[in-house]
Each structure stands twice: as structure tokens, then as C-alpha cells.
Amino acid sequence: MSAAPSTPGPSMSDSPWAPFAARVFRALWIAQLVSNIGSWMQTVGAQWLLIGHNAALVTLVQTASSLPVVLLALPSGVVADRFDRRSVLLVAQFAMLAVSGALAVLAFTDALTPTALLALTFLLGCGTALMGPAWQAIQPELVERRRLGQAAALGAVNMNLARAVGPALGGAVVAAAGAGWVFAFNAVSYLGIAAVLVLWQRPRTALPTAGNERLPAALNAGRRYVWNAPGVRRVLLRTTLFIPGGAALWSLLPLSASRSLGLGSGGYGLLLTAVGVGAVAGAFALPRIQRVLGVNGTLAAGALVFAAVLAVLATVRAPWLVTIALLPAGLAWIGVLSTLNAAVQTRLPGWVRARGLAVYLLVFQGGQALAAPLWGAVADWLGLTAALLVAGAVMLLSAASVRRWPLHDAEGIDPSLSDHWPAPPLVFEPGEADGPVLVSVVYRVAPDHRAEFTDRMSHVARSSRRTGALEWGLYQDGHDPERFVENYLVASWAEHLAQHHSRLTVTDRRHEERARALIVPGTLPEVTHAFAAGSGPVVPDRAEQAW
């Protein structure tokens with residue numbers, strides 16, 4: 001099974017289904033749908049087994065599922081950047097199969113205590129944490145970059161189709177046969193993804209990029225990139241502002257179903273189905289909504305809709321009205337999350353993609369893990385109605401903040417690799433561990449261009465820091481005002497070679513070109529590399545060579 005993305009015909013070019021023309025994407029999407037249905041069935045079974053306990057214990061199911069991402073997302077991102085991502089995904093599938101099998105066995109033998117249920121749910125979350133960055137990072141290998149937004153929307157459609165089917169099916173199975181059967185189905189559901197991954201012939205060009213970096217260095221490289229990428233940071237901020245209020249719906253809905261609406265497990269499943277149906281319908285409407293409202297308008301509108309739905313859930317006691325109100329909640333959820341996911345995907349280069357996505361998943365899942373027990377505690381303290389109204393107010397604040405902190409325009413960003421730096425002209429060959437390395441670049445800039453040059457070099461500074469610079473500075477010579485010196489420090493020679501050959505992007509090159517367009521005509525930047533004294537090979541002088 002080839003991984004090369006297919007090029008769809010003209011009739012599909014603007015279709016939300018265009019990524020399905022890529023055969024591996026299509027096969028994985030179908031297998032993931034079955035697996036997601038199993039996961040939602042398992043969630044309903046787990047929550048319903050705890051429904052007789054206090055609100056905080058019920059909401060801990062979501063925490064147990066999401067907390068592992070907080071703990072493991074960043075190491076999982078390093079693993080996905082360093083090792084073959086297909087192998088990482090296969091390990092995660094078989095690990096989750098084993099845990100779900102254990103849940104089924106304990107449920108069938110009536111030995112599944114609340115503690116064991118939450119512990120095994122936590123282990124399933126660990127598998128999800130390991131899988132998440134690798135799964136997100138392979139998407140650009142499966143579809144063309146211009147279709148990443150459509151692929152992200154289809155991923156959200158997948159989750160919400162599963163939400164439309166899984167909870168209702170899970171509730172019916174729990175009511176008819178017990179929770180053990182939903183856990184068993186979830187275990188079997190992982191085999192489909194594993195089969196597609198085994199058949200996937202991943203091209204050599206898609207092999208991992210983190211090389212032999214040690215875990216701390218690789219983690220630091222990912223942190224450094226995100227910190228110096230304003231566009232990625234803004235996506236993370238918008239995620240942080242949306243998720244806490246959104247988590248209230250998922251964590252408090254089972255309590256609303258049983259306490260406020262008087263529904264059983266089947267009724268709760270139907271409420272989740274309504275959210276899923278709304279999300280699937282929203283996938284068709286989303287392109288038009290984004291054309292009319294724009295990216296930031298979509299984020300604000302999604303938060304406003306969610307606030308309204310939470311208010312309905314807090315005050316309405318008619319199940320059919322609540323079911324109808326949950327339909328737009330699904331549309332809002334898919335609109336916001338597809339927008340954020342596509343935004344972060346299009347801003348990350350391949351060498352750090354899994355680590356950057358791991359940070360995004362950390363914020364997304366971590367926000368849910370931390371918010372869920374908080375809403376449970378608020379419900380126990382102030383009551384369920386008050387908790388839902390407070391969550392709605394949080395969503396209103398999220399909508400209002402879009403004007404102050406919108407997503408940046410990504411139109412000019414191109415994260416494709418650009419190996420445009422010439423080989424350093426050294427008189428000896430340093431070892432990979434030699435360093436730190438001080439790189440100096442001298443420019444000559446005419447007086448009338450100095451202010452603009454300094455401004456453009458601020459973008460070069462962020463580029464250098466993203467790709468490995470520990471420190472960066474731009475200096476003007478006090479004896480020769482036309483002479484500017486850019487200095488930056490890299491931890492090792494291996495890090496600097498990575499800058500040369502695997503980390504710089506087309507966007508980085510454009511920033512350099514814009515700054516260098518202002519240097520004195522006829523001059524070229526002068527680049528030197530200096531090593532910390534005693535860190536590299538000693539080059540003998542001529543007297544020593546003669547001796």
C-alpha cells in the first residue's frame with residue numbers, strides 16, 4: 001500500500017472529501033472510525049459503571065483519559081520525531097488492545113472496581129498519548145499540504161461520526177448485555193488500524209528527523225521552536241481559552257442526563273449522538289462558514305454557540321429540547337477544533353512537527369484533564385445548574401478574547417525544507433559533540449537602511465532561535481557604523497549542521513533574503529565559525545608540523 005498522496009481530479013479539488021483520493025489516508029480514516037466508535041462505547045461503559053458515585057468520581061473518567069497526555073505528550077513527540085512513526089503507532093495499537101482486553105476480562109468476571117477501572121482507563125490514555133503526536137505528524141505524508149485543513153476537518157468528522165454512533169451503541173449494549181462487551185469491542189477495534197499500518201509502504205524520505213538527539217536535547221529543541229514561533233504560540237493560546245469551557249459539556253453531560261433529565265444509559269448515549277450528528281452536519285457547512293466569518297470569526301462564533309448550549313443544558317429539563325440544542329454544539333466543536341488543528345499543522349516544519357503537535361495535544365488534552373474534575377467539584381459545591389452556567393460564562397469570555405488575541409495569518413508561511421546555506425569553510429573537521437559554536441555574520445548596511453535592516457533581522461533572530469541558537473544578538477560596530485555583526489551561539493557542531501541541512505525552511509530563507517536585500521550593493525555577508533577554546537580538534541601550526 002503506497003503512501004504517496006494521490007492528486008484528485010479537478011472536480012474534487014475544493015471538496016471537503018478531497019483527501020480521500022489518497023488511498024492510505026482513506027484506509028486509515030475508515031479503520032480509525034471503527035476504533036473511535038469502540039473508544040466512545042468504552043467511555044459510556046466506564047462512566048455508567050461509576051454513575052452511582054459522586055460527581056467528581058464520574059468526571060475522573062475524562063481526567064484518567066486525558067491526564068496521560070499531560071505527562072507523556074512531549075516525550076511521545078520526541079519518540080515520533082526520532083523513530084519510525086509507523087512503528088510507534090503499531091506499538092500503541094497493540095498496547096491499547098491489551099489494556100482493553102484486561103478491562104473486558106475484569107468486567108466479565110465482576111472484578112472491576114472503580115479503582116481498577118480508572119487505572120486501566122489511565123493506561124489507555126497512555127496509549128493515546130503515545131499515538132497522538134505520531135498520528136498527527138503523518139498527515140502531511142498522506143495528503144498534500146494544501147489539503148491539511150480538509151484532512152483536519154475529516155479527522156474531526158471521524159471523531160464525531162464515532163460520537164454519533166458509539167455512545168448510542170455503547171449505551172444500548174451496556175443496558176442489554178453489560179459493560180464487558182463494550183470493552184471487548186474496543187479491544188478488537190484496534191486491529192483495523194494495525195492492519196493498515198502493517199500494509200503501509202512508508203517512503204524513505206519520510207523517515208524520522210530527530211537523529212541521535214538525546215531525550216533532554218530533543219525536548220529542549222521542541223520547546224525552543226514553539227517558544228520562538230509566534231503563530232504556533234497564538235494557536236496554543238486560543239486552545240487554552242476554549243478548552244476549559246468546552247470540557248464542561250463532556251464531563252457534566254452524564255450527570256445532566258441522569259440527574260436533570262432522568263435518562264438511563266441509552267438516553268445518555270442519544271445525547272452524545274446528537275452532538276456527533278451536529279458535528280458531521282457541520283463538516284459540510286464549515287467551509288462556507290469559514291468563507292463568510294473567516295478563521296477568527298469561526299472561533300468566536302463557536303465559543304458563543306457553546307455558551308448558549310451550556311445555558312440550555314443548565315436550565316431546560318425537557319430531553320427532546322436538550323437533544324436539539326446539542327446539535328449546534330457539535331457544529332461549534334468541529335468548527336473550532338478543525339480550525340485550530342489545521343492552523344498548527346500548517347505552521348510546523350517536518351523536523352519538529354511531532355514535538356510541536358505534542359505541545360498542542362498537551363494543551364488540548366491537558367486542559368480537559370484539569371478542567372473536568374474542577375467542574376465536578378463545582379457541581380458538588382454549587383450544584384449542577386450553577387456549574388454549567390459558570391462554564392457558559394467562561395465560553396463567553398473565550399469568544400470576547402478573539403478580538404484581542406486573534407490567530408495570525410498563515411498565508412505567507414511555508415515550512416518546507418530549504419537547504420540553502422553553503423558548507424562552512426573550516427580548516428579541520430569538528431566532531432559532532434564539539435561546541436559550543438559561535439557563528440558570526442558581518443554585514444555592511446548603508447545609513448538610510450539601518451533601522452529597516454534591524455527590524456527585518458528580528459525575524460532572522462526568531463528563525464535562528466527556532467532552529468538551534470541558544471543566544472542571538474545583532475551589534476553595530478562603534479568604529480565603523482556601516483558594519484553590523486550578527487552573533488549566535490549553538491550548543492554543538494551537530495546542532496549547527498542540523499540548521500544547515502534539516503531545520504531551515506522556505507520561510508526562514510525569505511526572512512534572510514529580505515534582510516540581506518538592504519546590505520550595501522556589491523558586498524556579501526562574511527560568515528565565521530568559532531569553537532569554545534579546547535572543545536574541538538587542535539590544529540597544529542607550521543612549526544609543529546615541521547617538527
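Since the model is a prediction, treat every value here as computed from it, not as a measurement. Just so it is clear, the values below take in all heavy atoms, side chains as well, and ignore hydrogens, waters and symmetry mates.
For Arg355 (side chain) and Gly77 (main-chain N/O), no donor-acceptor pair under 3.5 Å exists by modelled atom type. In this structure, Arg466 contributes its side chain and Asn228 its backbone to a donor-acceptor pair below 3.5 Å. No donor-acceptor pair closer than 3.5 Å links the side chain of Trp405 to the backbone N or O of Leu237. Under a 3.5 Å cut-off, the side chain of Arg234 and the backbone N or O of Pro406 do form a donor-acceptor pair. One N or O on the side chain of Ser258 and one on the backbone of Pro254 form a donor-acceptor pair closer than 3.5 Å. With hydrogens and angles ignored, the 3.5 Å screen pairs no side-chain donor or acceptor of Arg347 with any backbone N or O of Val232. Side chain of Ser398 to main chain of Leu241: a donor-acceptor pair is present (N/O by atom type, distance under 3.5 Å, no hydrogens or angles). Remark: side-chain polar atoms of Arg465 are not paired, donor with acceptor, to backbone N or O of Arg224 under 3.5 angstrom. Side-chain atoms of Trp375 come within 3.5 Å of backbone atoms of Pro244 as a donor-acceptor pair (strictly under, hydrogens ignored). In terms of modelled atom types and a separation under 3.5 Å, the side chain of Arg85 and the main chain of Ala80 share a donor-acceptor contact.
Looking at heavy atoms from C-beta onward, Trp333 lies out of side-chain contact with Val275 at the 4.5 angstrom threshold. Put simply, the side chain of Leu326 reaches to within 4.5 Å of the side chain of Leu249, judged on heavy atoms. The closest side-chain heavy-atom distance from Leu124 to Ser100 is below 4.5 Å. Trp135 places a side-chain heavy atom less than 4.5 Å from the side chain of Gln32. Side chains of Val363 and Ile243 form no contact here, defined as non-hydrogen atoms less than 4.5 Å apart. In this structure, the side chains of Arg223 and Val359 stay at 4.5 Å or more apart for every pair of heavy atoms. Side-chain contact between Leu112 and Phe183 is present, with at least one heavy-atom pair separated by less than 4.5 Å. By the 4.5 Å heavy-atom criterion applied to side chains, Leu74 and Leu362 are counted as neighbours.
To the nearest 0.5 Å, atom CH2 of residue Trp381 and atom CG of residue Leu374 are 10.0 Å apart. Within the model, atoms CD of Gln290 and OG1 of Thr339 stand 4.0 Å from one another, a figure rounded to the nearest 0.5 Å. Note that CZ of Phe364 and CG of Asn341 are 9.0 Å apart. Values are rounded to the nearest 0.5 Å. The OG atom of Ser260 sits 7.5 Å away from the CG atom of Leu388 when rounded to the nearest 0.5 Å. Here the CG-CZ distance, from Leu340 to Phe242, works out to 8.0 Å after rounding to the nearest 0.5 Å. Taking CH2 of Trp200 as the start and CG of Leu90 as the end, the distance is 10.0 Å to the nearest 0.5 Å.
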Quick one, Leu304 with Leu396, criterion side-chain contact (heavy atoms from CB on, under 4.5 Å). Give me CA distance, side-chain angles, the key distance, then yes/no.
CA-CA 6 Å; Leu304 287 173; Leu396 289 176; 3.8 Å; yes
Just do the side-chain contact (heavy atoms from CB on, under 4.5 Å) check on Val235 and Thr239 with the steps written out, would you?
CA-CA 6 Å; Val235 175; Thr239 305; 4.3 Å; yes
Does the pair Leu270 and Leu263 meet the rule for a side-chain contact (heavy atoms from CB on, under 4.5 Å), with working shown?
CA-CA 10 Å; Leu270 287 174; Leu263 301 175; over 6 Å; no
Test Ile193 against Leu89 for side-chain contact (heavy atoms from CB on, under 4.5 Å), laying out the working first.
CA-CA 9 Å; Ile193 294 177; Leu89 291 171; 5.9 Å; no
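With respect to Tyr190, the side chain to side chain contact (heavy atoms under 4.5 Å, CB included) criterion is satisfied by exactly one of Leu97, Val34, Val99: Leu97. Val24 pairs with exactly one of Leu199, Ile138, Leu142, Val143 by the side chain to side chain contact (heavy atoms under 4.5 Å, CB included) rule, that one being Leu142.
In this structure, Tyr225 and Trp351 have perpendicular ring planes: the angle between them is above 60°, well past the 30° mark. Between Phe20 and Phe25, the angle of the ring planes lies from 30° to 60°, which puts this pair in the tilted group.
The two atoms that bring Gly222 and Val352 nearest to each other are CA-CG2, 3.9 Å, heavy atoms only. Of all heavy-atom pairs spanning Arg86 and Leu197, the tightest one is CD-O, 2.8 Å. A pairwise comparison of heavy atoms in Ile413 and Thr346 identifies CG2-O, 4.0 Å as the closest pair. The minimum heavy-atom distance between Asn186 and Gly38, with the atom names listed, is OD1-C, 3.0 Å. When every heavy atom of Gly302 is checked against every heavy atom of Ala332, the shortest pair comes out as O-CB, 3.4 Å. The two residues Arg353 and Gln345 have their closest heavy-atom pair at CD-OE1, 4.2 Å.
Annotation: Arg317, atom CZ; neighbour count of heavy atoms from other residues, nucleotides and ligands within 6.0 Å is above 12.
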